[in-house]
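Step one of this worksheet: look at the structure below.
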Number of protein chains: 2
Amino acid sequence: MTVGVRHDDLRRRNRAMVIAAVRRAGQPSRTEIAAVTGLSNSTISTISADLIEEGILAQAKTGETAALKRGRPQVALGLNPRAATVVSIALSLNSLSASLIDYSGKAIIHDISRPATLTMTASGLVEAVTAAVGRLLARMEPDHGPVLRMTLAIQGITDSEARKLMWSPITPHSDIQFANALETAFGIPVTVENDCNMIAVALRGRAPDRYRDNFFTILLSNGIGMGLVLRGELFTGSHSSGGEFGHMIHVPDGAQCRCGRRGCIEAYAGNYAIFRHARGESEYAQPAADIDDATMLALAAAARDHDGREREAFRKAGEAIGFGLGSLFALFDPAPVAIVGLGSSAFDVIEPALRDAISKTAGGQHNAAISFDLEPDETPLIRDGCARQALTFVDQDIFAPGAAVETAGKAVA
Amino acid sequence: MTVGVRHDDLRRRNRAMVIAAVRRAGQPSRTEIAAVTGLSNSTISTISADLIEEGILAQAKTGETAALKRGRPQVALGLNPRAATVVSIALSLNSLSASLIDYSGKAIIHDISRPATLTMTASGLVEAVTAAVGRLLARMEPDHGPVLRMTLAIQGITDSEARKLMWSPITPHSDIQFANALETAFGIPVTVENDCNMIAVALRGRAPDRYRDNFFTILLSNGIGMGLVLRGELFTGSHSSGGEFGHMIHVPDGAQCRCGRRGCIEAYAGNYAIFRHARGESEYAQPAADIDDATMLALAAAARDHDGREREAFRKAGEAIGFGLGSLFALFDPAPVAIVGLGSSAFDVIEPALRDAISKTAGGQHNAAISFDLEPDETPLIRDGCARQALTFVDQDIFAPGAAVETAGKAVA
DNA sequence: ATTATTTTTTTCGAGGCTCGAAAAAAAGAG
DNA sequence: CTCTTTTTTTCGAGCCTCGAAAAAAATAAT
């Protein structure tokens, strides 16, 4: 049941909306905020005065915006960079990056390290992350705002509470309680998110025109990940982070997947699957742990060069992804798709088969209208998405606390 | 952008919530409404006084609820049956049912007819529906409330605006503008909904404990339909009613589907597909237009009786549905599933292969925990869902108008 | 029969929020 | 230096919800 809207929720919601408007618009004037939010000028004036007093917003120096118009010049409002900071952490295979982000979204410090994730113990992994954050915070200058939130993105499956890593290809261990460990170590609230979900958050923030209501992000690397945004909201499953596109079944009882099952899309389109096909190995051969980037780029080059096993391998990959996308389009209708990760640099050899497969599915009639955005380097997107996710939490739950959150399960609607 | 919450929205939202609480609870007292909504007793008192004055709610006669407790007895509030009426229309193959529903949700009058939908013209179909509604309204007694909404459920694909039928197996015609035609004829707002979506609405209303956040309804008949509820809200696609589970691809380039494509789940699990397999025909044989119920029941009986082609046909059907559900579970995590329609009466011969298939998919480890509700007769559910959908509209958009609807695409979240 | 107790519902004043109108502020135009 | 234009702030009005107290309506106790 949606809980009743009480009188004090009103101000909190509108505060959150003003903060959101400033974060999106960058340097809006009070008048612009009023126009965007639909609230009156007087209300915006009151709320922004509060937020400035609390150090959350800051007025730009006068004269910065050369108005060249008649009338009193607009005063630009911006997020006060020192209102807070957040930590954005991206953990992937043999790679760990932690960043300190100020409240305006600017990265201040990075800490990059290369732990051997596959061979570490679970507690070793937790310690590596803790140590990276520790180094980051140690380098933090005193005039920055307090650290109010950390978000950790990991390739793999996280739980729906965003507390732990349930399973990941980067480590043989499961159920690693990252959030508890980091919160104990630093006393700062932490969430653990799926990397593709953070990519989706980043894309929505960067290109809200294109990525708004429904869209999919697909990460092509050794495994296949997906971020799913439906009705403008990141979809996470009831138990897990959800969106296991790579483990939808492409061919019943088909090729051997790394997950132990058979016929998953990943077993045709993951790096190891393409590698396996290109080498002429059986579909049931044990998947290779990880294929390095140079090898994959060489396979793609060979596929471009001549019609051989490499080309066939990428063709099979495209077919698997295409049929999978076709199933998504059948469920959700066609929507924008972003292809992220190293695999997108081979998209030219994947695309023909992919489109051919889509044309055989329910979304086929819209094939021509479906465009794919490519982004070979996923790491900056993951970092960016984590930062946005953490900042949104600060905006909504710390700087506009208590706002009536719509609980799942509407009244009758 | 979510629009700002203005002061008068507050009352409207809380009005809607009180109405919703009464609709759900049946005959709650003011105190119970206050507890459920989280609003104060004084607010509930004010709002319910307004709603009673406007004839939307009605106080139950005193003495009806024998309290047997100390203290002032609770006064039960109920929906005033004469506050409004709505029309619920279910159109399926050769069958048309229109019902007049009072504001409390009780059906008053039914009009059942059997138009030959497959052979009618598009305008003939519209006229048949218009005539049925006309007969219904002609029989309406004057003391009933005004008709404020009509909802028409049809098997097939409707547009996302719920204005027209884009495609349906019950007629060769497409893009039939039912909503415009009915609104012109009767001057009452109309929506055109997918039948499976209405089944989902009905189930959520009937068993909110089981069907709340995420769940699926699957209709097994000549085609395969699906209703998809995610986060408590009916999911409809961006262009269409969405949820074309039956046309997710089960086997790439597989059996011939009625939709013209190949390998769809429906091409293995639709009645015509089971029939085709059981008769030993090729997977590529032209699908039969419609199989009557008795034939399908006989096939199921034969499958139960001996291990022959019939059993194999149902096995293939179960396998297709199982892999499809497995893909859904991969995307959304396992969730309750309701199997509706005549096919559910053969679920015993479908289930083994279905579960076997699910166990090979990403949701497989939860196989034992997944239970299926069966409901062979879908028509009452469709009628019920339509009525609920229409009444919810009246509750929210007519009796609590102007409430700030959360527009798609949240601010930053 | 009357009083006490309990529970529900209504009443009433207080406080908070947003809004519109008017005023103030801050620039360019003439 | 005054007029015009635009933005921002100020101020009173009008709602809405809330908590406390009062009223209402029943049972339990004396």
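A, B, ... follow the sequence lines: proteins, then strands. Residue 1 opens every chain. All values below come from the heavy atoms of this structure, side chains included, with hydrogens, waters and symmetry mates left out.
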(message) Between C1' on D:dT17 and CD1 on B:Ile47, what's the gap in Å once rounded to a whole number?
(response) 9 Å
(request) Could you state the atom-to-atom distance from CG of A:Leu10 to C1' of D:dC18 in whole Å? (result) 14 Å
(message) For B:Ala84, give me all partners under side-chain contact (heavy atoms from CB on, under 4.5 Å), at least two apart in sequence or on another chain.
(response) B:Tyr103, B:Leu148, B:Val394, B:Phe399
(request) State, to 0.1 Å, how close B:Arg204 and B:Tyr211 come at their nearest heavy-atom pair, and which atoms those are. (result) CG-O, 3.5 Å
(request) Would you kindly say whether A:Arg30 and A:Asn41 are connected by a side-chain donor-acceptor distance under 3.5 Å? (result) no
(request) Taking only the side-chain heavy atoms of A:Arg11 (C-beta and beyond), determine which of C:dT18, D:dT17, D:dT27 contains the nearest atom. (result) C:dT18
(message) I need the CG-P distance between B:Asp9 and D:dT17, as an integer number of Å.
(response) 12 Å
(message) From CZ of A:Arg70 over to P of C:dG28, roughly how many Å is that when rounded to an integer?
(response) 11 Å
(message) Nearest whole Å is fine: how far is C:dC17 P from A:Asn14 CG?
(response) 10 Å
(message) If the cut-off is 4.0 Å, is B:Ser40 near the phosphate of D:dC18, judged by side-chain N/O to OP1 or OP2?
(response) yes
(request) Flag the pair A:Leu228 / A:Phe332 as yes when at least one side-chain heavy-atom distance between them is below 4.5 Å, and no otherwise. (result) yes
(request) Figure out the CD1/C1' separation between B:Ile33 and C:dT8, and round it to whole Å. (result) 13 Å
(request) Please report, rounded to the nearest Å, how far the C1' atom of C:dT18 is from the CZ atom of A:Arg15. (result) 16 Å
(message) Counting primed atoms plus P, OP1 and OP2 as sugar-phosphate and everything else as base, spell out the protein contacts along nucleotides 9-15 of chain C at 4.0 Å heavy-atom distance: B, S or - for each nucleotide, 5' to 3'.
(response) BBB---B
(message) Test of understanding: with side-chain contact (heavy atoms from CB on, under 4.5 Å), list the residues that count as partners of A:His144, not counting sequence neighbours.
(response) A:Thr85, A:Ile108, A:Met140, A:Glu141
(message) How close do A:Val201 and A:Leu234 get, counting heavy atoms only, and between which atoms?
(response) CG2-CD2, 3.9 Å
(request) Round to a whole Å and report the spacing from CZ of A:Arg12 to P of C:dC17. (result) 9 Å
